[in-house]
Chemist: 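Got a structure for you, written out below as structure tokens; questions coming shortly.
Scope of the values below: all heavy atoms of this structure, side chains included, with no hydrogens, waters or symmetry mates.
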Amino acid sequence: MPSSRVFTLSDPEQYQMVLRGAGGIEVIPTAKGVFRAELVQLELLQVWMQRCTESLPRVVRGTPKKMSSRVAIEFSIASDQPSFRQHGLDVSHGEIVVNDLDFSHRLTVVGSRFGTMSLPRDALDAVGCDLMDGEVTIPSEVRVIRPPPASMARLLLLHDAATGLARNAPDKLLHPEVARSLDQALTDAMIRCMTESTWLEAGAGRRRHANIIGRFEDFLAAHYDRPVYLAEICRATGASDGTLRACCHEHLGMGPMRYLWLRRMHLAR
């Protein structure tokens, strides 16, 4: 049966606990101010979706909970906000992150508004066969895609309508015909965006930097309870001072020692 929930939250820890698929994730604000977030969650027949509004810039770090039976996408819902950075890749309004199920960082430089959707893999294949006469090929690692503007606009319009119902008229979603029609429209819109898009590849250099950031996070997790210094971080990650700083600015928007301080303040809170 379709269901929906709306949260208004003022604590990053509470927020990270209710984000769907967010097992092991931390939300770390990177600027001073009062944190506020609204989260709308909706489960239809096949489509799961979220709409998130956040008041502060932040880094989301961690390993999202594996949803091996589902394919997930994430995108900006506000045309007037700067691009966000996912896995070291800049993602602009009108672009979509696909299947980010590995260790990742998501960086915003202002408060942001974004949406997520996911579909069961078998539903994706079934509808993809009807649309394309074949399965939809989804890479195992994170990719950014750029759908045609008309396809992206339809996805955003339907996502906005669905979360508007969840926020303002949730009883309507319990009507079988409404839920079925909305679910089918969202499924079709998501698959068309994925099958009609240009896929943007991450280069070998970005993949090397992502591996260094992964080792950096592993080191911080292993030594969270003692002071650490830049020289030993470099040794643990196998990166020079300059390379480590470049990787951190690429993925985190700041140098390694500032990120370490912010992370420790977050853990202390």
Chemist: Are any side-chain N or O atoms of Arg245 and backbone N or O atoms of Gly255, one a donor and one an acceptor, separated by less than 3.5 Å?
Modeler: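 No.
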Chemist: Where is the tightest heavy-atom contact between Pro147 and Met152, given as atom of each residue plus distance?
Modeler: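 The answer is CG-SD, 3.9 Å.
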Chemist: Taking the side chain as every heavy atom from C-beta outward, state whether Pro256 and Phe216 have any pair of such atoms under 4.5 Å apart.
Modeler: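 Counting from C-beta outward, Pro256 and Phe216 do come under 4.5 Å.
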Chemist: State, with a plain yes or no, whether a side-chain heavy atom of Ile73 is found less than 4.5 Å away from one of Ile145.
Modeler: no
Chemist: Quick check: is Leu174 connected to Trp48 through a chain of hydrophobic side chains (ILVMFWY, heavy atoms under 4.5 Å apart)?
Modeler: no
Chemist: Check whether any side-chain heavy atom of Tyr229 lies under 4.5 Å from a side-chain heavy atom of Ile233, and answer yes or no.
Modeler: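 They are not in side-chain contact.
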Chemist: I need the Ser151 OG to Met194 CE distance, nearest 0.5 Å.
Modeler: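 Answer for the OG-CE pair, Ser151 versus Met194, is 13.0 Å.
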Chemist: Evaluate the criterion side-chain hydrogen bond (donor to acceptor under 3.5 Å, both in side chains) for residue pair Ser76 and Gln81; output intermediate values, then yes/no.
Modeler: CA-CA 8 Å; Ser76 167; Gln81 72 181 27; 3.2 Å; yes
Chemist: One thing to verify: whether Arg167 and Glu38 come together as a salt bridge, which I'm taking to mean a side-chain N less than 4.0 angstrom from a carboxylate O.
Modeler: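 Yes, this pair counts.
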Chemist: Thinking salt bridges, do Asp80 and Arg113 make one under a 4.0 Å N-O criterion?
Modeler: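 Looking at Asp80 and Arg113, the cut-off is met.
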Chemist: Pairing donors with acceptors under 3.5 angstrom, does anything connect the side chains of Glu217 and Tyr259?
Modeler: yes
Chemist: Which heavy atom of Arg180 sits nearest a heavy atom of Leu45, and at what distance?
Modeler: CA-CD1, 3.8 Å
Chemist: Cluster question for you: counting only ILVMFWY and a side-chain heavy-atom cut-off of under 4.5 Å, with indirect links fine, are Val60 and Val110 together?
Modeler: no
Chemist: Going from CD on Gln16 to CG on Asp11, what distance comes out if it is rounded to the nearest 0.5 angstrom?
Modeler: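 Going from the CD atom of Gln16 to the CG atom of Asp11 covers 8.0 Å.
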Chemist: Do you reckon Leu157 sits in the same ILVMFWY cluster as Met49, going by side-chain contacts under 4.5 Å, direct or chained?
Modeler: no
Chemist: Can you list the steps and then say if Leu244 with Cys248 is a side chain to side chain contact (heavy atoms under 4.5 Å, CB included)?
Modeler: CA-CA 6 Å; Leu244 179 63; Cys248 287; 4.2 Å; yes
Chemist: Going through the distances and angles, do Arg85 and Val91 end up as a side chain to side chain contact (heavy atoms under 4.5 Å, CB included)?
Modeler: CA-CA 6 Å; Arg85 188 166 294 174; Val91 184; over 6 Å; no
Chemist: For Phe84, is the NZ or CZ atom of Arg106 found under 6.0 angstrom from the centre of its six-membered ring and inside 45 degrees of the ring axis?
Modeler: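 Yes; both conditions hold, so Arg106 lies above the ring face of Phe84.
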Chemist: Decide if the gap between the ring center of Tyr15 and the ring center of Phe7 is smaller than 6.0 angstrom.
Modeler: no
Chemist: Any side-chain heavy atom of Ile77 within less than 4.5 Å of one from Asp160?
Modeler: no
Chemist: Taking the side chain from Asp241 and the backbone from Cys234, do they hold a donor-acceptor pair closer than 3.5 Å?
Modeler: no
Chemist: I would like to know whether Leu39 and Val18 meet side chain to side chain contact (heavy atoms under 4.5 Å, CB included); could you show each step before the answer?
Modeler: CA-CA 9 Å; Leu39 173 63; Val18 296; 3.6 Å; yes
Chemist: Report the C-alpha distance between Ile96 and Leu155 in whole Å, list the side-chain angles of each, state the deciding distance to 0.1 Å, and finish with yes or no for side chain to side chain contact (heavy atoms under 4.5 Å, CB included).
Modeler: CA-CA 11 Å; Ile96 295 174; Leu155 178 69; 4.0 Å; yes
Chemist: State whether Arg235 and Glu232 are salt-bridged, where the test is any N-O pair (Lys NZ or Arg NE/NH1/NH2 against Asp/Glu carboxylate O) under 4.0 Å.
Modeler: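 Answer for the salt bridge query: no.
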Chemist: Mind listing the closest non-hydrogen atom pair of Pro29 and Arg58 along with its distance?
Modeler: CA-CB, 3.6 Å
Chemist: Is the distance between the ring centroids of Phe75 and His159 under 6.0 Å?
Modeler: yes
Chemist: Find the distance between CG (Leu89) and CG (Leu107) and round it off to the nearest 0.5 Å.
Modeler: 12.5 Å
Chemist: Are any of the side-chain heavy atoms of Thr237 and Asp218 separated by less than 4.5 Å?
Modeler: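 Sidechains of Asp218 and Thr237: no contact.
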Chemist: What closest approach, in Å, do Tyr224 and Ala221 show between heavy atoms, and which atom pair accounts for it?
Modeler: CD2-O, 3.3 Å
Chemist: Rounded to the nearest 0.5 Å, what separation is found between the CG atom of Leu9 and the SG atom of Cys52?
Modeler: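 Those atoms lie 10.0 Å apart.
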Chemist: How about Ser197 and Arg146: do any of their side-chain heavy atoms sit closer than 4.5 Å?
Modeler: no
Chemist: Measure the spacing between NE2 of His93 and OG of Ser83 and express it to the nearest 0.5 Å.
Modeler: 12.5 Å
Chemist: Would you name the heavy atoms of Pro227 and Arg264 that are closest together and state the gap between them?
Modeler: CA-NH1, 3.9 Å
Chemist: CG of Leu262 to CE of Met257: how many Å apart, nearest 0.5 Å?
Modeler: 12.0 Å
Chemist: Say whether, by atom type as modelled, one donor and one acceptor occur between the side chain of Asp183 and the main chain of Leu44 under 3.5 angstrom.
Modeler: no
Chemist: Do Ser181 side-chain atoms and Val178 backbone N/O form a donor-acceptor pair below 3.5 Å?
Modeler: no
Chemist: Applying the 4.5 Å side-chain criterion to the ILVMFWY set and letting contacts propagate, would Val109 and Ile28 be lumped into a single cluster?
Modeler: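 Shared cluster, no.
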Chemist: Counting distance only, does the side-chain N/O of Ser112 pair as donor-acceptor with the main-chain N or O of Thr108 below 3.5 Å?
Modeler: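 Not a single qualifying donor-acceptor pair exists.
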Chemist: Would Arg36 and Ser55 count as having a side-chain donor-acceptor pair, cut-off 3.5 Å?
Modeler: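 Result is no, nothing qualifies.
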Chemist: Going only through I, L, V, M, F, W and Y residues with side-chain contacts under 4.5 Å, is there a path from Leu42 to Val40?
Modeler: no
Chemist: If we ignore hydrogens and angles and just use 3.5 Å, is the side chain of Asn168 paired with the main-chain N or O of Gly164 as donor and acceptor?
Modeler: yes
Chemist: Do Met190 and Cys193 have side chains that approach each other closer than 4.5 Å (heavy atoms only, starting at C-beta)?
Modeler: no
Chemist: Considering non-hydrogen atoms only, spot the tightest contact between Leu252 and Val59 and give its length.
Modeler: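 Heavy atoms of Leu252 and Val59 come nearest at O-CG2, 3.8 Å.
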Chemist: Without swapping roles, check the side chain of Ser240 against the backbone of Thr243 for a donor-acceptor pair under 3.5 Å.
Modeler: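 A pair under 3.5 Å: yes.
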